[in-house]
Amino acid sequence: MLESEIEMIKKSEEIPPHKFKISGGLLENIIDKTNNTNTARSALIWQNAFFGKITRKLVRVPAPFHAVNSPLSLHPEILDKLLMYIFLPRDVVNAYREIAKRKKR
């Protein structure tokens with residue numbers, strides 16, 4: 001490790017995270033090359049305060065959020081038809097069959 005890198009580590013609380021770099025570091029090489037074909041680059045720098053070329057004090061989470069329960073959990077009676085097309089582990093099948101029995105009562 002170079003002397004300057006050791007000094008940076010000692011001063012790391014004062015240095016903005018995106019300016020902290022290790023010479024020859026894997027992540028640094030992926031991030032620095034804008035024409036890099038490595039698929040990890042976009043995931044590393046997207047809204048990330050620690051990787052990238054800008055100081056980021058705020059990370060925004062996209063506002064739209066949509067969640068639904070799976071059709072199988074809503075209607076466990078469709079289990080036998082689904083099993084003709086997909087594989088489910090035996091313990092999952094047994095659990096959904098138990099839920100379907102309780103739902104019938």
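By the 6.0 Å contact criterion, NZ on Lys101 is open, its count of non-hydrogen atoms from other residues, nucleotides or ligands being 12 or less.
Residue pairs that meet the side-chain hydrogen bond (donor to acceptor under 3.5 Å, both in side chains) test with at least one member in residues 62-73, sequence neighbours left out, are Ser70-Ser73.
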Result block: side-chain N/O donor-acceptor pairs under 3.5 angstrom for residues 74-91, not counting sequence neighbours:
{"unit_1": "His75", "atom_1": "ND1", "unit_2": "Glu77", "atom_2": "OE2", "d": "3.3"}
{"unit_1": "Asp80", "atom_1": "OD1", "unit_2": "Arg97", "atom_2": "NH2", "d": "2.7"}

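Val68 shares a hydrophobic cluster with no other residue; no ILVMFWY side chain has heavy atoms under 4.5 Å from its own.
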